[in-house]
Structures are given as C-alpha cells and as structure tokens.
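Have a look at the structure below before the remarks.
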Amino acid sequence: MPTLFAVYNLIDKDKANEYDQYLTNTKVPGIRGAPWCAGFNTWKIDKVLAPAVSEPEGELPSEAPYMYVAKIEVSDLDAMVSFLGTDEGKEFVKSWSVYIDPKAIFTLGHEV
C-alpha cells in the first residue's frame, strides 16, 4: 500500500487556529472518507528539540522549519490521482490551498 507524506507550512502563521479547525472539520474527514484512503494522520510540530545530525551547521533554529507533517495511506494510488483531477477533487484541494504554503508537496515513500 503506497504511503504519501506532506511536510508543510501555513501561508499565514496567524491562521493556525483557523487551520486546525478546518483540518478537524473538513480535511481529515474529507480525505479519510475517500474510498482510496486507508489512513490519514497529521501532526502539528510544536518545537525544535535537537539537531538531527552529530555536527550541525550553524545555530539550531528557534522555530521548527515546518509546521505540519501529514501521512496518508493510499489503497489505490490511481484512484486518488484520478479523484484529484476531477472538479470535486480540484475544489477539495483548492479549499486547503487557502491555508497551505504553495511550496508544499506530496511525496511517495516506503518504510526502510
């Protein structure tokens, strides 16, 4: 089963509470209710804890470089891609594009 990941920021950090409500009320149920979705989880990043490497370059950032991480388990990748190409899919993506930094991407991954 393919696993998609998204690591992203909000366009306007001041809208974090508004986005959290949108996420809970619209995005999570919308994706979880899709026939191609086997699981959808999102984590809000709270703070930077420590460097991920033994010899980091520069100072540790005071704020996390990203605000959210999402993981989507997809039972049928072709069905998901087809859905995103429909008018309904485009409207759904457009609804969260109001909040999400336009540089956000979905990536396909597997467990190592």
Side-chain angles (χ1 to χ4, degrees):
M1 182 177 318
T3 303
L4 298 175
F5 295 94
V7 181
Y8 57 91
N9 291 317
L10 298 185
I11 292 171
D12 181 355
K13 288 185 180 185
D14 293 333
K15 291 190 175 187
N17 289 337
E18 185 180 320
Y19 178 72
D20 287 348
Q21 286 193 350
Y22 164 79
L23 186 66
T24 303
N25 297 335
T26 306
K27 191 174 177 184
V28 172
I31 292 178
R32 281 194 183 149
W36 43 262
C37 180
F40 176 67
N41 295 297
T42 299
W43 294 269
K44 186 173 183 178
I45 300 168
D46 295 321
K47 61 182 174 180
V48 175
L49 295 177
V53 296
S54 60
E55 296 182 22
E57 291 184 11
E59 295 292 316
L60 194 63
S62 58
E63 292 184 16
Y66 298 101
M67 295 175 72
Y68 294 87
V69 178
K71 176 185 175 189
I72 308 167
E73 298 289 340
V74 180
S75 59
D76 186 344
L77 192 58
D78 291 334
M80 179 193 161
V81 171
S82 293
F83 167 74
L84 293 176
T86 66
D87 289 341
E88 185 183 3
K90 289 176 186 175
E91 281 300 312
F92 188 65
V93 172
K94 190 176 180 180
S95 72
W96 79 62
S97 295
V98 170
Y99 297 100
I100 307 265
D101 183 313
K103 295 183 292 294
I105 58 170
F106 285 113
T107 61
L108 183 64
H110 67 278
E111 191 169 347
V112 294

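Quantities reported herein were computed from a predicted structural model and do not represent experimental measurements. Scope of the values below: all heavy atoms of this structure, side chains included, with no hydrogens, waters or symmetry mates.
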Can you pull the salt bridge (charged side-chain N to carboxylate O under 4.0 Å, His left out) pairs that have at least one residue in residues 56-72, sequence neighbours excluded?
Lys13-Glu63, Lys71-Glu73
What residues form a side chain to side chain donor-acceptor pair (under 3.5 Å) with Glu18, not counting sequence neighbours?
Tyr99
Grouping ILVMFWY residues whenever side-chain heavy atoms fall under 4.5 Å, the cluster of Leu60 otherwise contains Val48
Taking only residues two or more places apart in sequence, or in another chain, which ones meet Phe92 in a ring-ring contact (aromatic ring centres under 6.0 Å, His included)?
Trp96
Are Phe106 and Tyr66 joined in one hydrophobic group, where the rule is that I, L, V, M, F, W and Y side chains link up if heavy atoms are under 4.5 Å apart?
no
Please list, chain by chain and in numerical order, all residues satisfying side chain to side chain contact (heavy atoms under 4.5 Å, CB included) with Thr107, sequence neighbours excluded.
Phe5, Ile105
With Lys15, which residues qualify under salt bridge (charged side-chain N to carboxylate O under 4.0 Å, His left out), at least two apart?
none
Asp12: salt bridge (charged side-chain N to carboxylate O under 4.0 Å, His left out) partners, not counting sequence neighbours:
none
With Lys103, which residues qualify under salt bridge (charged side-chain N to carboxylate O under 4.0 Å, His left out), at least two apart?
Asp101
Any ring-ring contact (aromatic ring centres under 6.0 Å, His included) pairs touching residues 38-61, not counting sequence neighbours?
none
How would you list, by chain and number, every residue that makes a ring-ring contact (aromatic ring centres under 6.0 Å, His included) with Tyr8, sequence neighbours excluded?
Tyr68
Looking at residues at least two apart in the chain, or sitting in another chain, which of them share a salt bridge (charged side-chain N to carboxylate O under 4.0 Å, His left out) with Asp76?
none
What pairs meet the salt bridge (charged side-chain N to carboxylate O under 4.0 Å, His left out) rule with one or both residues in residues 42-54, with sequence neighbours excluded?
Asp20-Lys44
